[in-house]
Amino acid sequence: MSRKQVFQFLDLPRTMPQRIPVELRTSGDWGELYGKFDKADAQYQAGRCLDCGNPYCSWKCPVHNAIPQWLQLVQENRIEEAAALCHSTNPLPEVCGRVCPQDRLCEGSCTLEEFGAVTIGAVEKYIVDSALAAGWRPDLHDVQPTGKRVAIVGAGPAGLACADRLARAGVHPVVFDRYEQIGGLLQFGIPSFKLDKAVIAKRREVLEGMGVEFRLGVEIGRDVDAAQLLGEFDAVFLGTGAYRYTDGGLPGQDLKGVLPALPFLVQNSRIVGGNDPWGRPIAGWEDKLALPDLNGKRVVVLGGGDTGMDCVRSAVRLGAAKVTCAYRRDEANMPGSAREVANAREEGVRFLFNRQPLSIEAGADDEVIGVTVVETMLGEPDARGRRNAVPVEGSESLLEADVVIIAFGFSPELPAWLSSQGVQSSDNGRILVGGTRLPYQTANAKVFAGGDAVRGADLVVTAVAEGRDAAASIVQWLGVEAAPRQVAAA
Ligand code: FAD
Ligand code: SF4
């Protein structure tokens with residue numbers, strides 16, 4: 001390679017796809033923020049890859065995508081081959097290209113990071129969107145049916161990834177979900193400005209074309225009992241997610257105008273775009289689904305993760321006059337993606353770091369009037385290495401608010417219908433897998449699990465990695481011809 005080619009990245013800057021102008025976003029546009037690369041843009045970014053001997057991007061990517069290899073195929077305009085290569089490691093590549101926190105994963109590890117990382121996620125989205133739009137589909141012609149059938153509980157990323165890999169191994173996957181649409185949190189948690197719901201509809205079409213069967217609107221443990229499921233199928237995969245809501249136990253959290261984050265986001269996704277994804281209310285949340293009008297209101301969001309970022313940016317689009325995010329640590333320790341924080345700031349969101357909520361305050365008619373917060377400083381690291389937020393005495397103040405959204409996160413919970421089948425969980429509700437058994441196999445040998453239900457609330461791409469690798473364990477346990485095994489998730 002000539003000196004000019006080696007150093008071409010110095011002349012070719014990193015570019016992202018165009019974004020919807022901020023004026024439109026702040027006046028209620030819910031469209032996907034980032035547009036799409038065209039062929040020239042994608043080839044330009046792909047051409048910046050140095051093809052490092054040891055691609056850190058691939059290692060940092062939880063599904064270990066063959067990134068330099070598919071970037072090379074993009075340069076050569078071999079898009080269908082690139083799409084097949086993307087799918088060889090990642091059953092949902094167009095979704096991950098959109099929602100992965102690339103700054104912490106592949107792009108954060110790109111050798112060019114200091115000069116501007118290759119725009120890996122946007123190229124992944126370009127490859128798969130283009131190939132699917134041109135009619136390309138995963139090729140399963142050589143797959144021999146094994147006669148085995150596996151039930152998958154949960155049509156979120158973990159369940160869908162597992163279904164994809166089982167179908168490729170000739171095992172018939174039947175995916176159950178309590179909702180009428182597939183996608184799990186992709187469908188009803190992550191807002192459309194991060195992930196257009198048409199992407200999920202296209203993926204459903206692809207999976208059905210591969211032979212995946214969906215039984216939607218069916219809740220296991222209510223409509224079908226676990227014994228029935230275990231009797232009917234050769235194995236079961238649990239991709240049931242993490243839905244136990246962390247409320248923080250704040251005094252005043254039951255006041256009018258205080259909302260839990262997920263029902264708030266769910267209700268928006270039901271309203272926005274005129275689509276009602278499920279057609280029935282979510283059990284237990286009916287009372288919270290009648291949302292207050294945010295137009296002209298002061299909204300305070302408590303929590304600095306991805307969910308908090310989605311709430312603040314949704315509130316902006318719903319016409320809130322002032323949106324504030326209060327987080328108890330500093331910006332460097334915020335769990336949300338730095339890119340999403342930057343987008344939120346651009347949309348006018350105010351961030352208050354080192355503020356810990358103490359209580360939510362009521363006015364005369366029991367309506368919320370604000371949140372009492374105390375300033376914090378960072379103390380000693382906790383067991384996981386994160387520095388604790390230590391309140392500074394005497395620094396309390398009132399953050400005025402008409403609406404408060406609580407976004408402290410979620411954890412899994414083992415339902416009774418699973419514990420009755422011998423499936424075990426840790427004290428914090430995570431389904432226990434592996435140990436002396438196969439990876440992702442539970443204490444009931446016929447039952448496997450992965451995604452948020454096992455890891456706790458995490459990422460789409462880690463759920464995909466676990467669903468994919470659990471399928472390899474299921475295939476091994478069933479004793480049918482092994483699917484190509486992937487490297488375990490990082
Ligand atoms: P889920 O997506 O939760 O899917 C579980 C499915 O199981 C659901 O559809 C549920 O209905 C179904 N189910 C559960 N129990 C039953 C039952 N008994 N019978 C039938 N069906 C059942 N990650 C990112 O990488 N990027 C982001 O930008 C991002 N943003 C997020 C924003 C929000 C608001 C939230 C809440 C999460 C976000 N995440 C993000 C995290 C990501 O969405 C999850 O980590 C991922 O969806 C987990 O996948 P899963 O398949 O394990 O579970
Ligand atoms: Fe990056 Fe996520 Fe794609 Fe991996 S799956 S290359 S981390 S965008």
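Keep in mind that the numbers below use all heavy atoms, side chains included, and drop hydrogens, waters and symmetry copies. Order of listing sets the numbers, starting from 1, for every ligand and every atom in it. Numbering starts at 1 and runs along the sequence shown.
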Colleague: Can you tell me if Leu186 contacts ligand 1 (heavy atom of the residue under 4.0 Å from the ligand)?
Modeller: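 The answer is no: ligand 1 sits nowhere under 4.0 Å from a heavy atom of Leu186.
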Colleague: Looking at ligand 1, does any of its N/O atoms fall within less than 3.5 Å of an N/O of Gly450?
Modeller: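 There is no such contact.
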Colleague: Would you kindly say whether Gln228 and Glu232 are connected by a side-chain donor-acceptor distance under 3.5 Å?
Modeller: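 The criterion, which ignores hydrogens and geometry beyond distance, is not satisfied for Glu232 and Gln228.
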Colleague: Applying a strict 4.0 Å limit to heavy atoms, is Pro157 in contact with ligand 1?
Modeller: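 The answer is yes, since Pro157 has a heavy atom less than 4.0 Å from ligand 1.
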Colleague: With atoms numbered from 1 as shown, which atoms in ligand 1 lie under 4.0 angstrom from a non-hydrogen atom of Tyr243?
Modeller: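 Result: 1 (P), 3 (O), 4 (O), 5 (C), 8 (C).
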Colleague: Do Ser425 and Arg430 have a side chain donor and acceptor closer than 3.5 Å?
Modeller: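 No, Arg430 and Ser425 have no side-chain donor paired with an acceptor closer than 3.5 Å.
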Colleague: Examine Asp306 against ligand 1 and note whether any of their N/O atoms are separated by less than 3.5 Å.
Modeller: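 N/O-N/O distance under 3.5 Å: no.
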Colleague: If the threshold is 4.0 Å, N to carboxylate O, is there a salt bridge linking Glu340 and Arg313?
Modeller: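 Judged by the 4.0 Å cut-off on N to carboxylate O distance, Glu340 and Arg313 do form a salt bridge.
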Colleague: Is Arg215 positioned over the aromatic face of Tyr179, cation under 6.0 angstrom from the ring centre and no more than 45 degrees off axis?
Modeller: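 That pair does not qualify as a cation-pi contact.
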Colleague: Is a salt bridge present between Arg149 and Glu213, judged by a nitrogen-to-oxygen distance below 4.0 Å?
Modeller: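 Salt bridge absent between Arg149 and Glu213.
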Colleague: Counting non-hydrogen protein atoms only, what is the nearest one to atom 44 (C) of ligand 1? Give residue, atom name and distance.
Modeller: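 Its nearest protein heavy-atom neighbour is Asp452 OD2, 3.3 Å.
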Colleague: Quick one, Leu33 with Asn343, criterion side chain to side chain contact (heavy atoms under 4.5 Å, CB included). Give me CA distance, side-chain angles, the key distance, then yes/no.
Modeller: CA-CA 9 Å; Leu33 173 62; Asn343 285 328; 3.3 Å; yes
Colleague: Should you measure from each heavy atom of Phe410, which atoms of ligand 1 turn up under 4.0 Å away?
Modeller: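 Taking each heavy atom of Phe410 in turn, ligand 1 has 36 (C) under 4.0 Å.
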Colleague: Quick one: which ligand 1 atoms are inside 4.0 Å of a heavy atom on Asp310?
Modeller: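 Matching atoms, with element in brackets: 30 (N), 31 (C), 32 (C), 33 (C), 34 (C).
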Colleague: Nearest heavy atom to atom 41 (C) of ligand 1 wins, so pick from Asp458, Asp223, Val460.
Modeller: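 Looking at heavy atoms only, the winner is Asp458.
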Colleague: Considering the heavy atoms of Leu265, write down every atom of ligand 1 situated less than 4.0 Å from one of them.
Modeller: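 What qualifies from ligand 1 is 34 (C).
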Colleague: Provide, to 0.1 Å, the distance between atom 29 (C) of ligand 1 and the closest protein heavy atom, together with that atom's residue and name.
Modeller: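 Answer, as residue, atom name and distance: Ile190 CD1, 3.6 Å.
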Colleague: Heavy atoms only: which of Arg104, Arg178, Glu413, Arg98 lies closest to atom 22 (C) of ligand 1?
Modeller: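 Of the listed residues, Arg178 has the closest heavy atom.
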Colleague: Atoms of ligand 1 less than 4.0 Å from Tyr179 heavy atoms?
Modeller: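 Here the atoms of ligand 1 in question are 11 (O).
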Colleague: Assess Val218 for proximity to ligand 1: is some non-hydrogen atom of it under 4.0 Å away?
Modeller: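 It does, in that a heavy atom of Val218 comes within the 4.0 Å cut-off of ligand 1.
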Colleague: Would you say Gln72 and Asp51 are linked by a side-chain donor-acceptor pair, where the criterion is simply a distance under 3.5 Å?
Modeller: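 No, Gln72 and Asp51 have no side-chain donor paired with an acceptor closer than 3.5 Å.
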Colleague: Evaluate the ring planes of Phe410 and Tyr245, with Trp represented by its six-membered ring, and classify them as parallel (under 30°), tilted (30 to 60°) or perpendicular (over 60°).
Modeller: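 Aromatic pair Phe410/Tyr245 classed tilted.
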Colleague: For Gly184, counting its heavy atoms only, list the atoms of ligand 1 lying under 4.0 Å from any of them.
Modeller: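 So the atoms of ligand 1 that pass are 2 (O), 4 (O), 8 (C), 9 (O).
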Colleague: Under a 4.0 Å threshold between the charged nitrogen and the carboxylate oxygen, would Glu113 count as salt-bridged to Arg14?
Modeller: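 Judged by the 4.0 Å cut-off on N to carboxylate O distance, Arg14 and Glu113 do not form a salt bridge.
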Colleague: Under 3.5 Å, N or O to N or O, is Val99 touching ligand 1 that way?
Modeller: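 So ligand 1 has an N or O lying under 3.5 Å from an N or O of Val99.
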Colleague: Is it true that Glu32 and Lys194 make a salt bridge, defined as a side-chain N closer than 4.0 Å to a carboxylate O?
Modeller: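 Answer for the salt bridge query: no.
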Colleague: Quick one: which ligand 1 atoms are inside 4.0 Å of a heavy atom on Gly451?
Modeller: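 Those atoms are 52 (O).
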Colleague: Starting from atom 15 (N) of ligand 1, which protein heavy atom do you reach first, and at what distance in Å?
Modeller: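 Checked against all protein heavy atoms, atom 15 (N) of ligand 1 sits closest to Thr240 CG2, 3.6 Å.
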Colleague: Assess the side chains of Thr15 and Gln45: does a donor N or O sit below 3.5 Å from an acceptor N or O?
Modeller: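 A donor-acceptor contact under 3.5 Å links the two side chains.
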Colleague: For the rings on Trp136 and His87, is their centre-to-centre separation under 6.0 Å?
Modeller: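 Ring centroids of Trp136 and His87 are less than 6.0 Å from each other.
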Colleague: My understanding is that we take every heavy atom of each candidate and find the minimum distance to atom 53 (O) of ligand 1. Doing that for Gly305, Ala226, Gly241, which one comes out nearest?
Modeller: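 It is Gly241 whose heavy atom sits nearest to atom 53 (O) of ligand 1.
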Colleague: Identify, for atom 18 (N) of ligand 1, the protein heavy atom at the shortest distance, and state residue, atom and that distance.
Modeller: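 The protein heavy atom lying closest is Ile220 O, 3.0 Å.
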Colleague: Starting from atom 51 (O) of ligand 1, locate the nearest protein heavy atom and write down its residue, its atom name and how far away it is, to 0.1 Å.
Modeller: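 For this ligand atom, the closest protein heavy atom is Ala158 N, 2.9 Å.
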Colleague: Please give me the protein atoms (N, O or S only) lying under 2.8 Å from atom 3 (Fe) of ligand 2, ordered by chain and number.
Modeller: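 Listed by chain and number, the nearby protein N, O or S atoms are Glu124 OE1.
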Colleague: If you have a sec, work out which protein heavy atom is nearest atom 2 (O) of ligand 1 and how many Å separate them, to one decimal?
Modeller: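 Protein heavy atom with the smallest distance to atom 2 (O) of ligand 1: Leu185 N, 3.0 Å.
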Colleague: Do you see a donor-acceptor pair shorter than 3.5 Å between the side chains of Asn444 and Thr442?
Modeller: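 Result is no, nothing qualifies.
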Colleague: Using heavy atoms and a threshold below 4.0 Å, how should the contact between Lys194 and ligand 1 be classified: side chain, backbone, both, or neither?
Modeller: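 For Lys194, the contact with ligand 1 is made by the side chain alone.
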Colleague: Is the shortest N/O to N/O distance between Thr307 and ligand 1 below 3.5 Å?
Modeller: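 No.
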Colleague: Can you tell me how the ring of Phe193 sits relative to the ring of Trp30, calling it parallel under 30°, perpendicular over 60° and tilted otherwise?
Modeller: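 Tilted.
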Colleague: For atom 5 (C) of ligand 1, find the nearest protein heavy atom and state the residue, atom name and distance (0.1 Å precision).
Modeller: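 Checked against all protein heavy atoms, atom 5 (C) of ligand 1 sits closest to Gly239 O, 3.2 Å.
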Colleague: Answer with yes or no whether the side chains of Thr462 and Asp458 bring together a donor and an acceptor at under 3.5 Å.
Modeller: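 The answer is yes; a qualifying pair exists.
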Colleague: Under a 4.0 Å N-O cut-off, is there an ion pair linking Lys36 with Asp129?
Modeller: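 Looking at Lys36 and Asp129, the cut-off is met.
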Colleague: Is there a polar contact, in the sense of an N or O pair closer than 3.5 Å, between Val153 and ligand 1?
Modeller: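 For ligand 1, there is no N or O atom that lies under 3.5 Å from one belonging to Val153.
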Colleague: Distance under 4.0 Å to a non-hydrogen atom of Gly154: what atoms of ligand 1 satisfy this?
Modeller: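 Selected atoms, number and element: 6 (C), 7 (O), 12 (C).
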Colleague: Any nitrogen or oxygen of Ala463, main chain or side chain, under 3.5 Å from a nitrogen or oxygen of ligand 1?
Modeller: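 By distance alone, the answer is no.
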Colleague: Hey, are Lys202 and Glu94 close enough for a salt bridge, meaning a charged N less than 4.0 Å from a carboxylate O?
Modeller: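 So Lys202 does not pair with Glu94 through a salt bridge.
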Colleague: Are more than 12 heavy atoms, taken from residues, nucleotides or ligands other than Tyr56, located less than 6.0 Å from that residue's OH atom?
Modeller: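 Incorrect, the count does not exceed 12.
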Colleague: To the nearest 0.5 Å, how far apart are CG in Leu71 and CD in Gln75?
Modeller: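 The distance works out to 7.5 Å.
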Colleague: With side chain to side chain contact (heavy atoms under 4.5 Å, CB included) as the criterion, how do Ser314 and Leu265 come out once you've worked through the C-alpha distance, each side chain's angles and the decisive distance to 0.1 Å?
Modeller: CA-CA 8 Å; Ser314 296; Leu265 293 169; 3.6 Å; yes
